Peer 1: 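Mind having a look at this structure? Questions to follow.
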Amino acid sequence: MELSDHLFRREAGRMVAVLTRIFGVHNMALAEDVVQDAFCRAMDVWPFQGVPDNPSAWLMATAKRRAIDVLRREHTAQAFAPALSAALDEDGADPSILDACFETEAIVDDQLRMMFTCCHPRLPETSQVALMLNVLCGFSVAEVAHAFVETHTAVEKRIVRAKHVLASLRHVFDVDIEADVERRLPVVHRAIYLLFNHGYHGASPESAVRIELCQEAMRLIALLQVHPRMRTPATNALAALCCLHAARLPGRLDDAGAVHPLGAQDRTLWDRAMIKDGLELLDRSARGRMLTEYHVEAAIAAVHAEAPALAATDWVRIVELYDMLMAIRPSPVVALHRAIAIGERDGPEHGLAAIAAIERPDRLARYPFYSAALGELELRRGAANRAHTYFLDALSVARNETERQFFRQRIETVLSVGNPTIASPLPSPDR
Amino acid sequence: MSEFVFLYVNGEPPATPEQAQQMTQRWMTWMHELAESGHLKDRGVPLERTGKVVSGTTSKTVTDGPFAEKDIVSGFSLILAKDIDEAVECSLGCPIFSAGGAVEVRPVRQLTM
């Protein structure tokens with residue numbers, strides 16, 4: 001019997017969320033111990049008795065039983081969640097008071113509470129994302145470090161420090177207070193967006209795309225979408241954005257792990273069902289007065305998704321959307337992509353001029369697709385020598401083997417052909 | 001064919017959910033293969049990691065334990081093999097070794113008149 005991929009990791013997030021609510025956020029370590037114990041029990045028992053019909057329910061029930069043991073043993077010594085402690089003092093640890101905590105809806109709510117708690121404004125964004133992966137997605141410190149291309153020690157410190165901050169809060173975020181949800185939701189969106197982007201454009205050493213991170217981000221959004229207060233236009237826009245990007249992954253990444261830029265992708269490989277979902281979500285996200293960067297980015301992704309070929313893309317619309325994005329959330333990377341779109345709309349000279357107009361281009365010095373964009377545009381207007389230099393620059397700051405391989409190929413193209421008529425892909429990772 | 005008991009002596013518990021899942025999967029696969037090859041007479045049972053230790057010749061003392069996470073018997077199975085060498089051979093694929101654990105291979109004593 002094969003367990004489904006990452007089952008334990010997913011269940012870890014659910015169980016930790018529920019148990020942390022029961023034990024109190026200051027006892028998260030205890031919650032994690034109980035979860036670990038449930039996994040050990042599965043490892044001990046399943047080989048002998050077979051995998052239960054519903055492994056998730058089995059694990060959750062095991063965790064519940066252990067939680068009751070812990071409460072019985074320690075409820076006098078430990079301060080648990082205030083409401084629970086009071087109930088325990090009254091009736092001497094009657095396990096039935098926990099029943100309600102383990103109902104399906106309560107489990108979803110606990111995951112949401114945990115998500116909002118992880119996104120506490122006192123934590124830097126990187127900590128919020130790391131914490132969500134660790135606590136809600138069941139990633140170990142090593143797995144988080146691997147995903148972020150950072151050292152184990154650095155990530156461990158960050159997570160420990162973040163958990164320390166959470167512990168000092170004494171209680172988890174209350175998802176029933178509308179004003180609080182409204183204020184915190186954008187922070188949550190941002191953290192999930194970063195998580196998704198990290199997977200999609202990731203700088204992981206062995207792979208430029210970590211589909212797992214994209215999947216986790218989409219799983220977290222799906223949790224937001226079940227809650228009436230959190231299913232906002234911005235949530236739908238973020239969901240649309242992720243869907244429309246993820247739909248292109250089969251064309252973006254080949255079996256050998258090489259990344260193909262948008263222009264070079266086989267569009268028949270794109271996941272049409274997912275594009276349909278994404279477009280529907282985008283449509284739903286428009287029902288409101290709010291326009292977020294997620295709306296605009298999703299709209300850009302939608303234009304690409306609907307174009308039968310790169311040349312048939314509605315570049316006029318794309319440039320408009322990038323203008324909008326620059327107004328809502330300007331960044332040098334957005335400015336670069338706007339310039340590239342202008343290059344597609346008006347020709348390479350205009351693209352180069354738009355790049356030259358980016359303020360403080362030094363901010364893009366470490367971004368390999370800055371030089372690469374210049375290279376592609378130079379190549380298109382026939383300046384093969386300049387293109388060559390720019391691709392070498394891009395190669396020198398490439399962040400992983402996939403990127404290096406891609407830039408080496410572009411250099412070879414320039415050298416062997418030296419011919420600007422060669423079909424050149426969009427000079428960026430697709431956005 | 002002779003009968004043997006495998007006593008599974010636990011190693012380090014898995015440190016992450018992903019590791020725990022991999023170990024669980026490997027255990028199940030190994031037991032399945034053992035059964036397929038006809039060497040598994042009885043899967044046996046897993047044991048709780050807690051219990052009581054009773055000792056003393058006349059007056060008995062009862063103590064709690066063992067509570068160790070490591071180096072305790074966490075289960076046993078009944079194995080069929082033609083001799084101890086084959087039984088040992090059967091144990092080699094057990095995932096317990098990668099966690100620093102061990103398998104005790106013990107021949108079942110034959111009852112003779």
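By convention in this document, chain letters (A, B, ...) are assigned in the order of the sequence lines, proteins followed by strands, and residues within each chain are numbered from 1. Keep in mind that what you see is a predicted model, and the values were worked out from it rather than measured.
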Peer 1: Is it the backbone or the side chain of A/Asp5 that comes under 4.5 Å from a heavy atom of chain B, or both, or neither?
Peer 2: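 The backbone, not the side chain.
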Peer 1: Tell me whether A/Asp53 at atom CG has more than 12 heavy atoms from other residues, nucleotides or ligands lying less than 6.0 Å away.
Peer 2: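 Open.
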Peer 1: Looking only at heavy atoms, which two atoms of A/Pro47 and B/Trp27 are closest? And how far apart?
Peer 2: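 Minimum heavy-atom separation between A/Pro47 and B/Trp27: CG-CB, 3.3 Å.
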Peer 1: Identify the heavy atoms of A/Ser140 and B/Thr16 that sit nearest to each other, and give their distance.
Peer 2: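 Smallest heavy-atom distance, with atoms named: CB-CG2, 3.1 Å.
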Peer 1: Please determine whether the number of non-hydrogen atoms from other residues, nucleotides or ligands lying under 6.0 Å from atom CZ of B/Arg106 exceeds 12.
Peer 2: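 For B/Arg106, atom CZ is not crowded (no more than 12 foreign heavy atoms under 6.0 Å).
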Peer 1: Is there side-chain contact between B/Gln21 and A/Phe39, with heavy atoms separated by less than 4.5 Å?
Peer 2: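 A side-chain contact under 4.5 Å is absent here.
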Peer 1: If you round to the nearest 0.5 Å, how far is CG of A/Leu7 from CD of B/Gln25?
Peer 2: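 Spacing of CD (B/Gln25) from CG (A/Leu7) equals 10.0 Å.
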Peer 1: With a 6.0 Å cut-off (strictly less than), is the heavy-atom count around NE2 of B/His32, excluding the residue itself, greater than 12?
Peer 2: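 Check fails, neighbour count at 12 or below.
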Peer 1: Check whether any side-chain heavy atom of B/Pro14 lies under 4.5 Å from a side-chain heavy atom of A/Met43, and answer yes or no.
Peer 2: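 Of all side-chain heavy-atom pairs linking A/Met43 with B/Pro14, at least one is under 4.5 Å.
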Peer 1: For the interface with chain B, which of A/Glu32, A/Arg10, A/Gln49, A/Glu2 has the highest count of heavy-atom pairs at distances below 4.5 Å?
Peer 2: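 With the most close heavy-atom pairs to chain B, the winner is A/Glu2.
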Peer 1: At their closest point, which heavy atom of A/Asp44 faces which heavy atom of B/Pro46, and how far apart are they?
Peer 2: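 What the structure gives for the nearest pair is O-CB, 3.2 Å.
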Peer 1: Begin from the C-alpha positions of B/Met31 and A/Phe48 and carry the test side-chain contact (heavy atoms from CB on, under 4.5 Å) through to its verdict.
Peer 2: CA-CA 8 Å; B/Met31 277 230 181; A/Phe48 293 95; 3.5 Å; yes
Peer 1: Give me each pair satisfying side chain to side chain donor-acceptor pair (under 3.5 Å) with a member in residues 77-90 of chain B, each pair once, sequence neighbours excluded.
Peer 2: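 Qualifying pairs, neighbours excluded: B/Tyr8-B/Ser77.
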Peer 1: What part of B/Glu48 is in contact with chain A, defined as an atom under 4.5 angstrom from a non-hydrogen atom: side chain, backbone, both or neither?
Peer 2: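 When you check distances to chain A, only side chain atoms of B/Glu48 fall under 4.5 Å.
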Peer 1: For a quick test of reading the model, state the closest non-hydrogen atom pair linking A/Gly138 to B/Pro17 and the distance between them.
Peer 2: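 It is O-CG, 3.6 Å.
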